[in-house]
Amino acid sequence: MNVVVMLGAPGTGKGTQAPLVAKRLRIPVVATGDLFRAAARDGTTLGMEARRYMDAGQLVPDEITVRLLLDRLGRPDATHGVVLDGFPRTSIQAKALDDALAAKGERVDVAVLIDAPEEELVRRMSGRWICRAAGHPYHEVFSPPLVPGTCDLDGSELYQRADDQPETIRARMAQQLDALEDVIGHYRRSGVLRTVDGLQGIHEVAAGITRVLAEAGIHIEDAVAEHDPR
Ligand SMILES: [Zn+2]
């Protein structure tokens, strides 16, 4: 069983890469949000317990999350492994996951960190602008309007919501990076951390991930045969 943990701050493209990795390894990607939603929907005892916390707007305790995760790992489609996206978020969770996997004779095989400088992430995350008339979305870097500050579709003014402004993003990012550093430290100490440069394009990052997985002994057989859309 291959257990791959995907790590990266918001803006690194982790959420895009995790399903790609999972698809190429032919194993499911397990994101904790989906895990909670599925469990609540299935109505299991554990799921209902998780749901109580979610309904109250509280964080689901680590112990419940890890049990849900183990339950998920026991499903038939996860026989050959999983790609984890969004878990662990803290070194305490990472330790709990290690212990739970060890009890099954398994371990995290590789933790892939998509790394990018904080300022670049702030730039990517804070570039969102929307138009006053209809909320049409733009991004300074990825999908800029033809005329700066003006909607291509209706000519109305573009503005940034408080949530998308650099100061807000920077503050939120600092918190998330602290937690991420904690998890990175955990996997560095256990020797399974591999880093991919997140400043590259999406295809280069994907290729970088394939390379570090191979270094960790996880080979994507069909990687070379895969169609490259460029
Ligand atoms: Zn518009």
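Counting begins at 1 with the first residue of the sequence. Order of listing sets the numbers, starting from 1, for every ligand and every atom in it.
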With Arg170 via side-chain hydrogen bond (donor to acceptor under 3.5 Å, both in side chains) - residues at least two apart: Glu119
Atom nearest to the Zn ion (ligand 1) - His136, N, O or S atoms considered: ND1
SG (Cys131) - the Zn ion (ligand 1) - SG (Cys151) angle, nearest 10°: 120°
Arg132 to Tyr159, cation-pi by 6.0 Å centre distance and 45° axis angle: yes
The Zn ion (ligand 1) to Asp154: nearest N/O/S atom name: OD2
Metal check, the Zn ion (ligand 1) vs Asp152 N/O/S, cut-off below 2.8 Å: no
Heavy-atom donor-acceptor pair, Asp109 side chain to Val3 backbone, under 3.5 Å: yes
Residues that Thr16 engages under side-chain hydrogen bond (donor to acceptor under 3.5 Å, both in side chains), provided they are two or more places apart: none
